[in-house]
2 protein chains.
Amino acid sequence: MNDSGNVTPLLTPANRRRFPPYCPPVECSACALLALCRMAGLGVDETRLAEVVGRKRPVARGAEVHRRERRSVIAVRSGALKSEMPRPGGEAQIVAFHLPGELVALAAADEEGEPEVRTVALMPSEICELPVSDLPGFAPEEAARFHLRLAQDATAALLAAQRTLAWTRGEGAEARLAGFLLDIAARFASRDLPAQAFRLPMPRRDIANFLGLAEETVCRLFRRFHGRGWIAVSGKRIVLRDPARLRTVAAGTAADAGTSRRA
Amino acid sequence: MNDSGNVTPLLTPANRRRFPPYCPPVECSACALLALCRMAGLGVDETRLAEVVGRKRPVARGAEVHRRERRSVIAVRSGALKSEMPRPGGEAQIVAFHLPGELVALAAADEEGEPEVRTVALMPSEICELPVSDLPGFAPEEAARFHLRLAQDATAALLAAQRTLAWTRGEGAEARLAGFLLDIAARFASRDLPAQAFRLPMPRRDIANFLGLAEETVCRLFRRFHGRGWIAVSGKRIVLRDPARLRTVAAGTAADAGTSRRA
DNA sequence: CGCGTATTTGAAGGGCCTCAAGTATAGTGG
DNA sequence: CCACTATACTTGAGGCCCTTCAAATACGCG
């Protein structure tokens, strides 16, 4: 009953190593928090840096990520997280996934009361936490540079959110899912993690929620892409076989797709 | 042919003043840029402040908003703008509307090359531009506070973008349009501008683009809401007659609406 | 006051959702 | 290490909501 026919099976022993159960840790050199970490460690040795930055704090699957310090920035070291926001009358809406090397909790860096955004671990993960205020031994000039960098990171996150908003509105379900796969792959690639064959950190249900589709539709789309030879799928294990085609589909101008009038 | 029946006409001479052709200017006291303006004017008189901040620069309808300074923040004083981002294979996607008193160009504050986001005036507008760097006579401590405030504004913008992402995915077209009207009204209200009866700054086409719907659908929805007495519509002129009902609809749990399974 | 743009309306079709089970996977505990 | 069980993933049929295409009308800017 496998309509994928003769494509290479994903579960051969040789392929086992390509699909580790969890997202592997990133090197500090590929982490978005690196610049801030370095500034926090200005003129101090590595030992001191380790004190300032909470390294490799573990988070259990399904556990909510809380900030220890009142104002701090968090980065994912291994695993993956999701950020969700409550909607007026129903289920929470996922607004972002956080892969290794990416920043979290920036949006809430200056919140006081109950945070609007809930961040939850999709699998056993490790996070690094860097306090934003009350940094010891900071000269005013250093503080100015640090805060400027913080502002730059925040605007970068804003730009990323707007990009997400743009391709997420792609015409049709196929365009959205293709864009999603390419987005995940590009983000893995930018952190020096395998980006052609990987394990999706999130269940179909979360993908559907994020893309504004029904869970069943996402399922059918995966099988459809698989059947067309664009990807290979086995549960959460994914191999991108034809990224160029996926890009075409994501653009909404796929071969047989009609033009859409959606403004 | 008007199925609105006996609702009060919107175009009576008495109502003319309630629907000025353009969005009226906000007071500085209600502007999101105020805090940064004040910090930029630390210890200097109002005349000096006027020098630092480019006040009331006019932008023609349809004209693109460019930053004069390499790094600066822009606020809308009167009128309205839209920010759009190109999509892989088609029309640009509108990611935000900017009403009087709101910030723009934060997302691109540190961009160097060609900006990804295009910001265009929806009507004749006035903007204020505040340079972010090279501020004259700034002590390091002042610079630190200024940059921290900048970071806070950026994270606030990120949070706003995530909120938008959340309610924009609302179940069904009705929920989205109801949410849209309430969002616009709330933003007018927070700037001390009339929020119960106002003129929409953008055409149907842009609303449809922003909400991920077809232009015709938005039209039909406006008439439907009108027919049910929830709002009164005449072109861009809007009166919210039953905000409570709109909130219910926006929640997706409207009286006759079935539950949705969209994850 | 006229022309261009924006808004409106109708009819028909298709894509995605809904409901309902069945199957496979992975996390858990013995 | 293996059985067990809860969760995640699939698959099928039917129907509604929204889109698409086409064209008329109203509004507003110059």
Side-chain angles (χ1 to χ4, degrees), chain A residues 1-4 10-11 16 19-22 60-62 122-124 169-177 199-209 211-227 233-238 252 254 256-263, chain B residues 1-4 10-11 16 19-22 60-62 122-124 169-177 199-209 211-227 233-238 252 254 256-263:
Chain A
M1 296 308 121
N2 187 346
D3 66 12
S4 66
L10 260 44
L11 289 177
R16 283 277 179 201
F19 298 104
Y22 308 125
R61 170 192 169 91
L122 291 162
M123 56 178 68
R169 290 260 188 302
E171 332 269 359
E174 290 199 4
R176 292 189 202 175
L177 186 61
R199 175 185 277 257
L200 285 172
M202 70 294 288
R204 302 277 189 274
R205 179 190 178 79
D206 285 350
I207 298 177
N209 176 303
L211 295 178
L213 300 170
E215 184 179 349
E216 297 93 324
T217 302
V218 173
C219 259
R220 275 181 262 263
L221 254 35
F222 269 120
R223 303 279 318 143
R224 198 184 299 176
F225 286 6
H226 184 114
V233 186
S234 173
K236 291 193 171 65
R237 282 174 289 266
I238 299 276
D256 51 355
T259 60
S260 168
R261 225 210 218 165
R262 281 211 298 223
Chain B
M1 300 308 121
N2 186 345
D3 67 13
S4 65
L10 259 45
L11 290 177
R16 283 279 178 199
F19 298 105
Y22 309 124
R61 170 193 170 91
L122 292 163
M123 57 176 70
R169 289 259 187 306
E171 333 269 359
E174 290 199 4
R176 293 189 201 174
L177 186 60
R199 175 187 279 258
L200 285 172
M202 70 294 287
R204 301 279 190 273
R205 178 186 179 79
D206 285 350
I207 298 176
N209 177 302
L211 295 179
L213 300 170
E215 185 179 348
E216 297 93 326
T217 302
V218 172
C219 260
R220 275 182 261 263
L221 254 35
F222 268 120
R223 300 266 354 347
R224 199 184 297 176
F225 285 8
H226 185 114
V233 187
S234 171
K236 292 194 170 65
R237 282 172 290 266
I238 300 276
D256 50 355
T259 61
S260 169
R261 227 210 213 164
R262 280 209 298 222

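Naming: A, B, ... by sequence-line order, numbering from 1 per chain.
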Query raised in the report: Between R199(A) and P20(A), is there a donor-acceptor pair closer than 3.5 Å when you use the side chain of the first and the backbone of the second?
Result: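 A pair under 3.5 Å: yes.
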
Query raised in the report: Sub-3.5 Å donor-acceptor pair from the side chain of R204(A) to the main-chain atoms of K236(A), do we have one?
Result: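 Side chain of R204(A) to backbone of K236(A), a donor-acceptor pair under 3.5 Å: no, none is there.
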
Please determine whether a side-chain nitrogen or oxygen atom of [X] lies at a distance below 4.0 Å from atom OP1 or OP2 of [N].
{"X": "T217(A)", "N": "dC17(C)", "result": "yes"}
{"X": "R223(A)", "N": "dT10(D)", "result": "no"}
{"X": "R237(B)", "N": "dG28(D)", "result": "yes"}
{"X": "R204(A)", "N": "dA24(C)", "result": "no"}

Query raised in the report: Rounded to whole angstroms, how far apart are CG on L177(B) and P on dC18(D)?
Result: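 Rounded to whole Å, this separation is 11 Å.
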
Query raised in the report: Tell me: CG of L200(A) to C1' of dT25(C), nearest whole Å?
Result: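 Rounding to the nearest Å, CG of L200(A) and C1' of dT25(C) are 15 Å apart.
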
Query raised in the report: Donor-acceptor pair under 3.5 Å: do we get one between R220(B)'s side chain and the base of dG10(C)?
Result: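 Indeed there is one.
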
Query raised in the report: With distance as the sole criterion, do the side chain of E216(A) and the base of dC19(C) form a donor-acceptor contact below 3.5 Å?
Result: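 It does, because a donor-acceptor pair links the side chain of E216(A) to the base of dC19(C) below 3.5 Å.
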
Query - Closest non-hydrogen atom pair, E174(B) against F225(B) - result: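 The pair with the smallest heavy-atom distance is O-CZ, 3.7 Å.
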
Query raised in the report: So do the side chains of L177(B) and L213(B) get within less than 4.5 Å of each other, counting heavy atoms only?
Result: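 Side-chain contact under 4.5 Å: no.
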
Query raised in the report: If each of R61(B) and P203(A) is mapped to the nucleotide of DNA chain D with the nearest heavy atom, which maps nearer the 5' terminus, i.e. the 5' end?
Result: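 Residue closer to the 5' terminus by nearest nucleotide: P203(A).
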
Report task. Take V218(A) and R224(B), find for each the nucleotide of DNA chain D with the closest heavy atom, and name the residue whose nucleotide sits nearer the 5' end. Result ->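 Closer to the 5' end of DNA chain D: V218(A).
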
**Report entry** First encountered from the 5' end of DNA chain C, between K236(A) and A173(A)
**Finding:**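 So the residue in question is A173(A).
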
